[in-house]
Amino acid sequence: MTKPENVAPEHFIRQIIKQDLASGKHQGRVATRFPPEPNGYLHIGHAKSICLNFGLAQEFSGTCNLRFDDTNPEKENQEYIDSIERDVRWLGFSWSGDVRHASDYFLQLYEYAVELIRQGKAYVDHLNAEQMREYRGTLTEAGRNSPFRDRGVEENLALFEQMRAGAFDDGECVLRAKIDMSSPNINMRDPVIYRIRKVDHHQTGNEWQIYPMYDYTHCISDALEEITHSICTLEFEDHRPLYDWVLDQLPVPCHPQQIEFSRLNLNYTVTSKRKLKQLVDEGHVNGWDDPRMPTIAGMRRRGYTPSALRQFCEMIGVTKSPGVVDVGMLEFAIRDDLDRNAPRAMCVLRPLRVVLENYPESSSEELWLSAHPKDESLGKRRLVFERELFIDQSDFMENPPSDFKRLTVGGEVRLRGGYIIKCERVIKDGQGVPIELRCSYDPETLGKNPVGRKVKGVIHWASANHSLKVQVRLYNRLFNHTSPDSGEDGKHFLEHINPESLVVLEGCVAEPGLVQASDALAYQFEREGYFVLDAKDSSSDALVFNRTVELRDSWAKVQK
RNA sequence: UGGGCUGUCGCCAAGCGGUAAGGCACUGGAUUUUGAUUCCAGCAUUCCCAGGUUCGAAUCCUGGCAGCCCAGCCA
């Protein structure tokens with residue numbers, strides 16, 4: 001019996017919000033935001049952040065904005081923006097008001113920068129990138145002041161205005177905050193806050209020649225949106241003093257609290273936009289929405305459901321400890337959802353012909369099975385039983401182990417929803433591979449067990465003349481190493497790609513009702529796993545199914 | 001050898017000075033026309049280590065150790 005408090009654990013961010021609510025810190029408001037950079041597709045790690053930010057807003061009757069952190073036009077584009085909006089909506093969340101962009105605030109950001117200069121807290125620096133690195137010092141040595149650090153306010157104002165007007169080339173100079181070149185926190189050593197980039201921006205076109213940096217932009221954007229809790233991942237912890245410094249210098253409407261949590265790490269997968277992009281660009285997978293990708297688009301196409309993803313995010317918790325979650329937990333979440341909700345169907349993946357010698361030649365009969373063993377509301381499905389059928393090759397063995405419950409020569413097995421059959425003899429090809437089974441059926445066993453003997457095995461089947469020929473794509477994990485990008489064995493992550501991550505099966509035989517399948521509803525192919533129609537490559541005359549996840553298989557386990 | 005952060009079962013994770021929740025995985029066993037599901041049972045005398053405070057410490061103190069992040073005009 002799970003207690004209610006175990007359903008939604010009190011993670012530390014929830015606790016902070018409850019305390020703030022109790023103390024009236026933000027006048028009882030909770031405002032969060034999800035701030036992706038549109039430079040790639042969202043992945044499972046983003047799903048955690050989305051569930052956290054939108055979930056908290058829901059839970060505390062607050063708001064959550066969707067804001068594109070679009071300060072680097074060279075890497076961003078509209079395709080990514082569109083995909084991100086779609087993915088957030090698909091996960092089941094709606095943002096407050098319109099979509100925001102950091103670029104909406106470029107003018108305000110510029111004016112604040114002028115204000116910083118007026119206060120003598122920012123200056124235009126002509127050091128080039130290499131010089132700046134040199135002046136910055138190292139982790140253990142303090143940096144040195146730039147020779148341009150003490151320019152007068154008027155000169156800085158004029159120079160910054162010229163930067164904006166395009167008087168300088170890319171890289172010629174930058175605007176820096178004047179903080180402390182000897183700070184032990186490198187982020188505080190006069191960070192660059194504006195750089196020159198003479199490129200068009202996907203939102204603002206050619207309006208700007210200078211673009212603000214993340215550290216400067218993010219905190220101000222949060223403040224302008226009156227965010228109360230600015231939740232981000234651990235690597236920004238060192239940036240918090242800068243976040244606070246910027247807001248402390250400026251007349252912003254409020255000062256949000258930055259809170260950091262540990263990003264999601266999943267074993268057997270990579271979640272780095274750079275590496276995911278590489279997999280796509282180099283053709284190791286077929287696009288960002290390849291079902292093997294840990295992207296939200298990929299998982300959607302694979303058959304994962306929004307509620308399974310949300311449940312998973314709730315299961316893994318929110319902490320600051322850097323852990324690695326077992327993909328098995330993700331698989332549990334999707335099985336748990338689909339077991340309850342997926343209609344059942346039969347599909348023979350690797351067909352082996354069965355002829356029932358005592359079944360009337362040109363006869364057949366209709367069989368009605370329930371679509372779900374525990375949920376009658378999902379209705380019934382129609383199957384046709386006839387003389388020639390297919391069963392899966394793995395359900396027949398000539399020399400079986402003693403605990404084999406399926407079909408053997410002289411043995412009996414139940415055809416799911418149909419009759420018990422007995423294998424009389426096996427016909428093999430030149431290589432000794434079984435190509436057909438000659439069997440008999442027991443007409444007294446439809447819907448009831450025979451008297452006097454026990455038949456334990458139940459296998460799935462498809463009729464030879466009343467079925468669909470379909471393609472099935474079996475997906476396995478993309479990498480066969482627990483931590484593909486760790487580099488611990490001296491190998492590049494691409495070397496860990498699983499050569500069997502995609503196995504395409506042609507000529508699978510599926511029950512006829514599957515013509516109605518849609519890419520929005522996953523099925524359980526009984527005894528095999530969960531499958532969904534491929535959203536891209538399937539057509540009405542050539543159905544393609546993707547395997548979402550296998551069923552648990554304790555038989556496969558004992559065989560090892 | 002600078003700064004920041006983290007160490008509770010194989011994995012995730014509660015715990016906030018009163019005597020180690022829960023989930024995943026795993027192992028039994030029951031039910032089953034899916035070797036699935038469901039059910040029931042088992043699974044940390046101990047919380048990175050060592051000292052200390054206390055009647056009492058995973059929780060407080062001191063000192064170690066280990067891991068992660070930071071030297072982009074990326075986010």
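As the structure is a computational prediction, the values presented were derived from the model and not from experiment. Just so it is clear: chains get the letters A, B, ... in the order the sequence lines come, proteins before strands, and each one is counted from 1.
Rounded to a whole angstrom, the distance from the C1' atom of B:rG67 to that of B:rA14 is 22 Å. Separating the P atom of B:rU45 from that of B:rA20 is a span of 11 Å, rounded to the nearest Å. B:rG29 and B:rC70 are spaced 50 Å apart, taking the P atom of each and rounding to whole Å. Between the P atoms of B:rG63 and B:rG4, the separation comes to 15 Å (whole Å). Of the P atoms belonging to B:rU59 and B:rA50, the separation is 12 Å, rounded to the nearest Å. The same atom, C1', is picked in B:rC9 and in B:rC43; the two are 8 Å apart, to the nearest Å. Rounded to the nearest Å, the gap between the C1' atom of B:rU53 and that of B:rC68 is 32 Å. Comparing the same atom, C1', in B:rG22 and in B:rA57 gives a spacing of 23 Å after rounding to whole Å.
Contact annotation for A:Val192: backbone-only contact, meaning every heavy-atom pair under 4.0 Å involves sugar-phosphate atoms and none involves a base. Using a 4.0 Å heavy-atom criterion, one finds that A:Val455 contacts no nucleic acid atom at all. Heavy atoms of A:Arg197 sit under 4.0 angstrom from at least one base atom. Nucleic acid contact class of A:Leu139 (heavy atoms, under 4.0 Å, all strands): base. Within 4.0 Å (heavy atoms only), A:Val318 reaches sugar-phosphate atoms of the nucleic acid but no base atom. Among the protein residues, A:Met315 comes within range of the sugar-phosphate backbone only, with heavy atoms under 4.0 Å from sugar or phosphate atoms but none that close to a base. The residue A:Tyr211 sits apart from the nucleic acid: no heavy atom pair falls under 4.0 Å. If you check every strand for non-hydrogen atoms under 4.0 Å, A:Phe332 touches sugar and phosphate atoms only. Using a 4.0 Å heavy-atom cutoff across all strands shown, A:Leu127 reaches at least one base atom of the nucleic acid. Residue A:Asn128 is classed as a base contact, given a heavy-atom separation below 4.0 Å to a base. Base engagement by A:Asp238 is indicated by at least one non-hydrogen atom pair under 4.0 Å involving a base atom. Within the nucleic acid shown, A:Met213 comes within 4.0 Å of sugar-phosphate atoms alone, with no base atom in reach, counting heavy atoms only. Residue contacts for A:Ser262: at a heavy-atom cut-off of 4.0 Å it reaches no nucleic acid atom on any strand shown.
A sub-4.0 Å separation between OP1 or OP2 of B:rG3 and a side-chain N or O of A:Ser183 is absent. Put simply, A:Arg133 has a side-chain N or O that comes within less than 4.0 Å of OP1 or OP2 on B:rG72. Side-chain N/O atoms of A:Thr138 include none lying less than 4.0 angstrom from OP1 or OP2 on B:rA71. For A:Gln15 and B:rG15, the shortest distance from a side-chain N or O to OP1 or OP2 is below 4.0 Å.
One N or O on the side chain of A:Ser272 and one on the backbone of A:Lys275 form a donor-acceptor pair closer than 3.5 Å. Judged purely by atom type and a 3.5 angstrom limit, A:Asn267 uses its side chain to pair as donor or acceptor with the backbone of A:Val327. Of the possible donor and acceptor atoms, none in the side chain of A:Asp169 sits under 3.5 Å from a partner among the backbone N and O of A:Glu172. Proximity of a side-chain donor or acceptor of A:Arg344 to a complementary backbone N or O of A:Ala342 within less than 3.5 Å is detected. Under the 3.5 Å distance criterion, the side-chain polar atoms of A:Gln258 are matched with a main-chain donor or acceptor of A:Phe236. For the pair A:His239 (side chain) and A:Leu242 (backbone), a donor-acceptor distance under 3.5 Å is absent. In terms of modelled atom types and a separation under 3.5 Å, the side chain of A:Asn341 and the main chain of A:Asp337 share a donor-acceptor contact. The main-chain N or O of A:Lys448 is never found under 3.5 Å from a side-chain atom of A:Thr445 such that the two would form a donor-acceptor pair. Judged by distance alone, with hydrogens and angles left aside, the side-chain atoms of A:Arg144 form no donor-acceptor pair with the main-chain N or O of A:Tyr135 at under 3.5 Å.
By the neighbour-count criterion of 12 heavy atoms within 6.0 Å, atom NZ of A:Lys456 is sparsely surrounded, having that number or fewer from other residues, nucleotides or ligands.
Straight-line distance from the NE2 atom of A:His239 to the C1' atom of B:rC74: 10 Å, rounded to whole Å. Distance CD1 (A:Ile186) to P (B:rG72): 8 Å, rounded to an integer number of Å. Atom-to-atom, CD of A:Glu235 to P of B:rA71 comes out at 11 Å; the value is rounded to the nearest Å. In this structure, A:Glu260 atom CD and B:rG4 atom C1' are separated by 10 Å, rounded to whole Å. The separation between A:Asp337 atom CG and B:rU37 atom C1' is 14 Å, rounded to whole Å.
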Notebook entry, point to check: What string of B, S and - do you get for nucleotides 5-10 of chain B, 5' to 3', if B is base contact, S is sugar-phosphate-only contact and - is no contact with any protein heavy atom under 4.0 Å?
Noted result: SS----

Next item on the list: Any chance you could list the contact pattern along nucleotides 28-36 of chain B? Use B for base contacts, S for sugar-phosphate-only contacts and - for none, protein heavy atoms under 4.0 Å, 5' to 3'.
Entry: -----BBBS

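For the ring-ring contact (aromatic ring centres under 6.0 Å, His included) condition, the pairs that include at least one residue of residues 170-201 of chain A, sequence neighbours left out, are A:Phe106-A:His201, A:Phe160-A:Tyr194, A:Tyr194-A:Tyr216, A:His201-A:Tyr211.
Contacts between residues 39-53 of chain A and RNA chain B, defined by a heavy-atom separation below 4.0 Å, involve no residue at all.
Counting only heavy atoms from C-beta on, A:Met132 has its side chain closest to B:rC73 among B:rC12, B:rC73, B:rC70. Distances were taken from every side-chain heavy atom of A:Arg136 (C-beta onward) to each of B:rG2, B:rA71, B:rC74; the shortest belongs to B:rA71. Side chain of A:Thr140, nearest nucleotide from B:rG15, B:rG2, B:rC12: B:rG2.
In a base pair of the Watson-Crick type (N1 to N3 plus N6-O4 or O6-N4) or a G-U wobble (N1-O2 and O6-N3), with each distance short of 3.5 Å, B:rG56 is matched with no nucleotide. Remark: B:rG22 base-pairs with B:rC12. Criterion, Watson-Crick or G-U wobble with two distances under 3.5 Å. In this structure, B:rU6 forms a base pair with B:rA66, meeting either the Watson-Crick or the G-U wobble geometry with both donor-acceptor distances under 3.5 Å. Across all strands shown, B:rA36 remains unpaired; no Watson-Crick or G-U wobble contact has both distances below 3.5 Å. Remark: B:rU27 base-pairs with B:rA41. Criterion, Watson-Crick or G-U wobble with two distances under 3.5 Å. The partner of B:rG72 cannot be assigned: no Watson-Crick or G-U wobble pair with both contacts below 3.5 Å exists in any strand.
Of the residues near RNA chain B, A:Gly323 and A:Tyr214, the one whose nearest nucleotide (by heavy atom distance) lies more toward the 5' end is A:Gly323. Positionally, the nearest nucleotide of RNA chain B for A:Asp336 lies more toward the 5' end than for the other of A:Asp336 and A:Glu172.
Between A:Phe385 and A:Tyr419, the gap from one ring centroid to the other is short of 6.0 Å.
The glycosidic torsion of B:rG72 lies within 90° of 0, placing the base in the syn range.
Judged by distance alone, the side chains of A:Ser230 and A:Asp222 do bring a donor and an acceptor atom under 3.5 Å apart. The closest side-chain donor-acceptor pair between A:Glu161 and A:Tyr110 falls under 3.5 angstrom.
With sequence neighbours excluded, the residues satisfying side chain to side chain contact (heavy atoms under 4.5 Å, CB included) with A:Thr217 are A:Thr71, A:Ala102, A:Leu109, A:Pro212, A:Ser221. Applying the side chain to side chain donor-acceptor pair (under 3.5 Å) criterion to A:Glu526, with sequence neighbours excluded, gives A:Arg381, A:Arg416.
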